[in-house]
Amino acid sequence: MSLERLATLPLLKRLTPERQETVYKSAQINKLQSGSVVCEETTNVKRILWVLSGRLKTFVTLHDEEVVIDLLSKGDRLGFVEACAGLPHSVSAIAIEETEILSLDLEVFQRLTAEYFDFQLAVFANISAEMHGAVKEINELKAKNTSKRLGTFLLGLSGADQGTVDLELPYDKRLLAARLGMKPESLSRAFGKLKACGVITQKNRITIGDVEMLRDFCGDEYE
């Protein structure tokens, strides 16, 4: 793991080269196999984690049922907000494929936050961005129907502004449905409705025939 690669992570790229070096020397890199447990809900936070490659599933257990909260990929963090607030883990997390993570001991994280102003600013900026993203997602869940939610997700996955795009879903449709807050059968119906916008599916392969048409369908609030 090079310092240059580490410096691309959302929090760390805001730091000075000197501070990046400090974090680099204190961090650990671990490779996880699919199914590896990363943390459990309500347990104490011991390390702050960043996903370097692969994916983690976060979830909570309600009435003995698993509720998927998020699917974390490259650059995403775990335990960050809880560490700042002095709270236990709010979710459980497991690797859903081979995953590489970077971790920073909680005491080291707290020391860096207390001692270095640039680290404090980076932490606050990242918490603000995370909260903004959470509010936006809640608004979408309330304001958009299932097909528009799915369309917005596909637009974000494509990263395109116009034209035709071929892409592959990063995880199976069962997980995707849970991530978008719907049942698998609702996801199937949503894909069916998106055919009118030029969206074609073949297993996990997706073709967006007209990005601008799909964006118009999903609404002007899409960014």
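Positions are given from 1, in the same order as the sequence printed here.
- Taking a cutoff of 4.0 Å between a charged side-chain nitrogen and a carboxylate oxygen, Glu100 and Lys74 do not qualify as a salt bridge.
- Thr152 and Lys144 share a side-chain donor-acceptor pair at under 3.5 Å.
- A salt bridge links Asp70 with Arg179; the closest basic N to acidic carboxylate O contact falls under 4.0 Å.
- Under the rule for a side chain to side chain donor-acceptor pair (under 3.5 Å), Asp76 has no partner lying at least two apart in sequence or in another chain.
- When hydrophobic clusters are built by joining Ile, Leu, Val, Met, Phe, Trp and Tyr residues whose side-chain heavy atoms come closer than 4.5 Å, directly or via intermediates, Met182 is grouped together with Leu155.
- Although no hydrogens or angles enter the test, the distance criterion places a donor-acceptor pair under 3.5 Å between the side chain of Thr164 and the main chain of Gly209.
- Looking only at distances, a side-chain donor or acceptor of Thr16 sits under 3.5 Å from a matching main-chain atom of Arg19.
- Minimum interatomic distance between Arg55 and Ser73 (heavy atoms only, all atoms of both residues): CG-CB, 4.1 Å.
- One hydrophobic cluster, built from ILVMFWY side chains closer than 4.5 Å, cannot hold both Val91 and Val45; they sit in different ones.
- Residue pairs meeting the ring-ring contact (aromatic ring centres under 6.0 Å, His included) criterion with at least one member in residues 29-85, sequence neighbours excluded: Phe80-Phe109.
- Although no hydrogens or angles enter the test, the distance criterion places a donor-acceptor pair under 3.5 Å between the side chain of Gln120 and the main chain of Thr113.
- Cation-pi contact between Lys173 and Phe191: present, with separation from the ring centre below 6.0 Å and deviation from the ring axis of at most 45°.
- With hydrogens and angles ignored, the 3.5 Å screen pairs no side-chain donor or acceptor of Glu97 with any backbone N or O of Ser34.
- Donor-acceptor pairing under 3.5 Å is recorded for the side chains of Glu82 and Ser90.
- Counting all heavy atoms, side chain and backbone alike, Thr22 lies closest to Ser26 at O-OG, 3.1 Å.
- Cluster annotation: Val108 and Val81 are assigned to the same hydrophobic cluster (Ile/Leu/Val/Met/Phe/Trp/Tyr, side-chain heavy-atom contacts under 4.5 Å, transitive).
- Linking ILVMFWY residues whenever their side-chain heavy atoms come closer than 4.5 Å, directly or via other members, places Leu214 and Leu157 in the same cluster.
- At distances below 3.5 Å, not a single donor-acceptor pair connects side-chain atoms of Arg215 with backbone N or O atoms of Asp210.
- Shown here for Leu167 and Ser158, the closest heavy-atom pair between the two residues is CD2-CB, 3.6 Å.
- A ring-ring contact (aromatic ring centres under 6.0 Å, His included) check over residues 143-174, counting only residues at least two apart or in different chains, returns nothing.
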